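Reading through the structure tokens given below for one structure.
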Number of protein chains: 2
Amino acid sequence: MSIKPILFENGTLKMIDQRLLPTQELWLEYHDYRSVAEAIKTMVVRGAPAIGVAAAFGAAFGARDIFADDFETFYPRFEEVCAHLAATRPTAVNLFWALDRMKETARTHRSLAPDRIAERLLLEAKAIAEEDDRLNRTMGRFGERFIPEGARILTHCNAGALATGGYGTALGVIRAAVEAGKKVAVFADETRPFLQGSRLTAWELMKDNIPVTLICDNMAGYLMSKGEIDCVIVGADRIAANGDTANKIGTYTVAVLAREHGLPFYVAAPLSTIDLAIPDGSAIPIEERDAREVTHSGERNLAPEGVVVRNPAFDVTPARLITAIITDKGVVQGHYAEGLRALFRKG
Amino acid sequence: MSIKPILFENGTLKMIDQRLLPTQELWLEYHDYRSVAEAIKTMVVRGAPAIGVAAAFGAAFGARDIFADDFETFYPRFEEVCAHLAATRPTAVNLFWALDRMKETARTHRSLAPDRIAERLLLEAKAIAEEDDRLNRTMGRFGERFIPEGARILTHCNAGALATGGYGTALGVIRAAVEAGKKVAVFADETRPFLQGSRLTAWELMKDNIPVTLICDNMAGYLMSKGEIDCVIVGADRIAANGDTANKIGTYTVAVLAREHGLPFYVAAPLSTIDLAIPDGSAIPIEERDAREVTHSGERNLAPEGVVVRNPAFDVTPARLITAIITDKGVVQGHYAEGLRALFRKG
């Protein structure tokens with residue numbers, strides 16, 4: 001039973017503080033959209049699908065707190081709430097997808113009184129959260145066929161239960177393989193600078209008794225050259241119409257290494273991660289985060305005072321390096337432009 | 001004027017504690033071979049040429065402390081001293097090279113009384129230290145021709161003054177380019193887990209006012225894909241007869257990325273790093289270090305208690321990915337087996 005990082009109970013949104021894992025399991029409570037936005041920005045919650053879920057609840061809080069007598073007054077204010085939530089992080093498209101869905105829900109119910117619309121928006125946020133867990137299990141079943149018995153699987157960052165409404169995308173595929181009775185071993189890149197691999201992926205796989213070995217990002221190439229990795233599976237923050245995939249910084253390097261060693265490289269992501277409005281990866285905005293993530297570990301200084309730092313949080317893996325994109329609507333292998341479009345027609 | 005990490009003054013060996021840089025500049029003092037061995041093992045001093053220099057002084061201390069009336073009594077004990085120093089770290093060949101040279105010096109002076117032999121050994125250790133600085137400057141002049149005006153140069157780990165008797169190998173080439181009037185910009189991989197890039201390379205380049213930008217290891221591919229890197233230069237811990245090069249873990253990944261992006265990849269190392277007795281990289285022993293280097297930052301735990309860790313400290317870059325090997329005797333570009341052998345005949 002994998003962890004759910006986002007819970008909604010008795011009107012309170014509870015999120016496990018992913019900055020403190022694995023040493024502390026602290027649940028923070030949220031009641032307004034501004035603090036939810038801050039939680040997304042500061043990475044209390046992270047992972048493209050989880051950000052979408054959190055933003056949906058944030059939007060519901062914002063809607064509830066709008067004093068308005070009619071839709072015409074309500075809706076522009078709701079759009080401001082959504083814009084505030086959208087301005088937190090630029091790369092993962094699930095954030096914008098969830099907010100668009102919340103706005104559409106509001107418009108669908110425009111004939112209702114604003115407090116009734118707000119109720120519908122809370123239901124919609126809950127639906128997004130529940131759907132995400134369910135979609136990940138479907139995706140897992142589609143994806144686990146690609147995981148051979150005994151596979152030694154490399155993953156990067158955390159595309160697990162903690163990154164989603166539950167179960168995980170890349171780790172969901174691995175969980176589904178385990179549930180199908182396969183023995184697997186996972187290698188987790190620690191994933192500098194935020195260490196999602198060591199702090200989150202290792203933690204949630206150990207909780208589920210799935211064998212995991214932690215390595216530094218720069219060790220994956222060595223293990224591949226020694227024949228100790230069989231395949232790679234990662235999540236995604238935004239997939240362009242042609243299949244180019246933005247994911248956590250370092251994913252591109254892993255994909256180049258996989259190709260060099262003839263290893264399959266899989267991406268697992270729900271349809272909400274696919275952005276058909278973006279033709280290719282070059283148009284995906286890449287967030288650059290604060291230098292302090294690189295120069296410090298807690299209060300400990302790891303670098304000279306005043307050093308210049310680059311800290312791109314994502315990179316783009318070109319479609320040509322991707323063996324298959326595994327979604328909740330099916331799997332696309334090559335010919336991504338047609339294949340991804342076709343998934344959306346499945347309804 | 002680049003820093004020298006190893007000084008010998010008034011009978012005392014002084015080494016800057018490279019585990020504490022850049023936040024503390026602490027010089028530790030050594031007077032016996034066992035503590036020098038411990039300093040090598042625990043990485044107070046690191047970098048293949050610097051380890052060789054430190055080991056030579058350690059051997060000189062050991063020789064001085066042997067009570068023996070004749071060479072026949074002295075030499076087996078001296079061999080034990082050298083074996084103790086040799087057992088500290090397996091990969092960098094300069095360690096064994098320096099100890100072999102010390103043993104040869106002892107044998108050359110076998111007709112002298114042991115205390116006189118010990119004096120000669122101290123002179124030899126000083127000669128190794130001075131030579132290393134001088135060789136690096138020669139290597140720099142050979143190598144700087146490959147650095148174009150305005151080059152944006154990626155380096156991995158620390159192959160700088162701190163890794164050598166002074167000036168540096170890879171960073172020596174960069175220093176020579178700067179001294180030749182070229183404007184360059186260096187990108188330094190932070191180099192997990194020991195962070196030689198952020199703690200040492202950034203620190204010594206900033207001291208010399210050479211522009212440096214710190215990145216995490218997993219960001220180099222992204223910068224290359226954006227056209228922000230022009231070439232790569234790294235040091236080496238051991239170069240096999242066919243040109244395969246062992247260097248800090250992650251170097252192989254950088255070499256694969258450089259090839260993928262059509263960028264030249266240079267290795268800079270003195271002749272003492274070349275091990276003609278090893279036919280190819282598969283025979284180079286790769287040190288695996290303690291898990292704690294990966295799981296902790298100081299006392300801070302970065303990973304779940306009890307997680308399984310791999311921590312190979314080096315990897316091997318096959319010769320086919322290396323554009324040129326720059327040495328103090330000249331540059332070899334391709335056809336490494338013949339080219340490297342020829343360097344040794346230059347005398």
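The sequence lines fix the lettering, A, B, ..., with proteins before strands; numbering per chain opens at 1. Because the structure is predicted, anything quoted here is derived from the model rather than measured.
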_Interface residues of residues 223-236 of chain B facing chain A - heavy atom cut-off under 4.5 Å_ =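 The list, in residue order, reads L223(B), S225(B), E228(B).
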With respect to chain A, which residue among [options] yields the maximal number of heavy-atom pairs within a distance under 4.5 Å?
options	answer
T251(B), V256(B), L302(B)	L302(B)
A220(B), G250(B), G306(B), P211(B)	G250(B)
H156(B), M219(B), R199(B)	M219(B)
L257(B), L200(B), T23(B), L195(B)	L257(B)

Heavy-atom distance under 4.5 Å to chain B: side chain of [X], backbone, both or neither?
X	value
R300(A)	side chain
I249(A)	both
S297(A)	both
D217(A)	side chain
Y222(A)	both
M206(A)	side chain
L205(A)	neither

For the residue pair [X] and [Y], what are the closest heavy atoms and their distance?
X	Y	answer
R289(A)	E287(A)	NH1-OE2, 2.9 Å
V294(A)	C216(B)	CG2-SG, 3.9 Å
I239(A)	A269(A)	CD1-CB, 3.9 Å
S2(B)	D208(B)	CB-OD2, 3.7 Å
Y252(B)	D315(B)	N-OD1, 3.1 Å

*How many angstroms lie between OG1 in T169(B) and CD1 in I174(B), if you round to the nearest 0.5 Å?*
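Rounded to the nearest 0.5 Å, the OG1-CD1 separation comes out at 9.5 Å.
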Counting heavy-atom pairs under 4.5 Å to chain B, which of [options] comes out on top?
options	value
I286(A), I215(A), T213(A)	T213(A)
V212(A), N301(A), V308(A), T295(A)	V308(A)
P193(A), S198(A), P318(A)	S198(A)
G221(A), A188(A), G197(A)	G221(A)

Report which part of [X] has an atom under 4.5 Å of a heavy atom belonging to chain A: side chain, backbone, both, or neither.
X	result
P304(B)	both
E305(B)	backbone
T253(B)	both
H296(B)	neither

Less than 4.0 angstrom from a charged side-chain N to a carboxylate O is my criterion; do [X] and [Y] meet it?
X	Y	answer
K183(A)	E149(A)	no
R292(B)	D290(B)	no
E25(A)	R19(A)	no
E190(B)	R310(A)	no

*For F265(B) and V254(B), run side chain to side chain contact (heavy atoms under 4.5 Å, CB included): C-alpha distance rounded to whole Å, both residues' side-chain angles, the deciding distance at 0.1 Å, then the answer.*
CA-CA 9 Å; F265(B) 179 92; V254(B) 176; 4.1 Å; yes
Would you say [Y] and [X] are linked by a side-chain donor-acceptor pair, where the criterion is simply a distance under 3.5 Å?
X	Y	result
N311(B)	E293(B)	yes
S282(A)	D280(A)	yes
Q18(B)	N158(B)	no

_By ring pair (Phe, Tyr, Trp, His ring centres under 6.0 Å) - contacts of F194(A) (at least two apart)_ =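 Once residues adjacent in sequence are excluded, F194(A) has no partner under the ring pair (Phe, Tyr, Trp, His ring centres under 6.0 Å) criterion.
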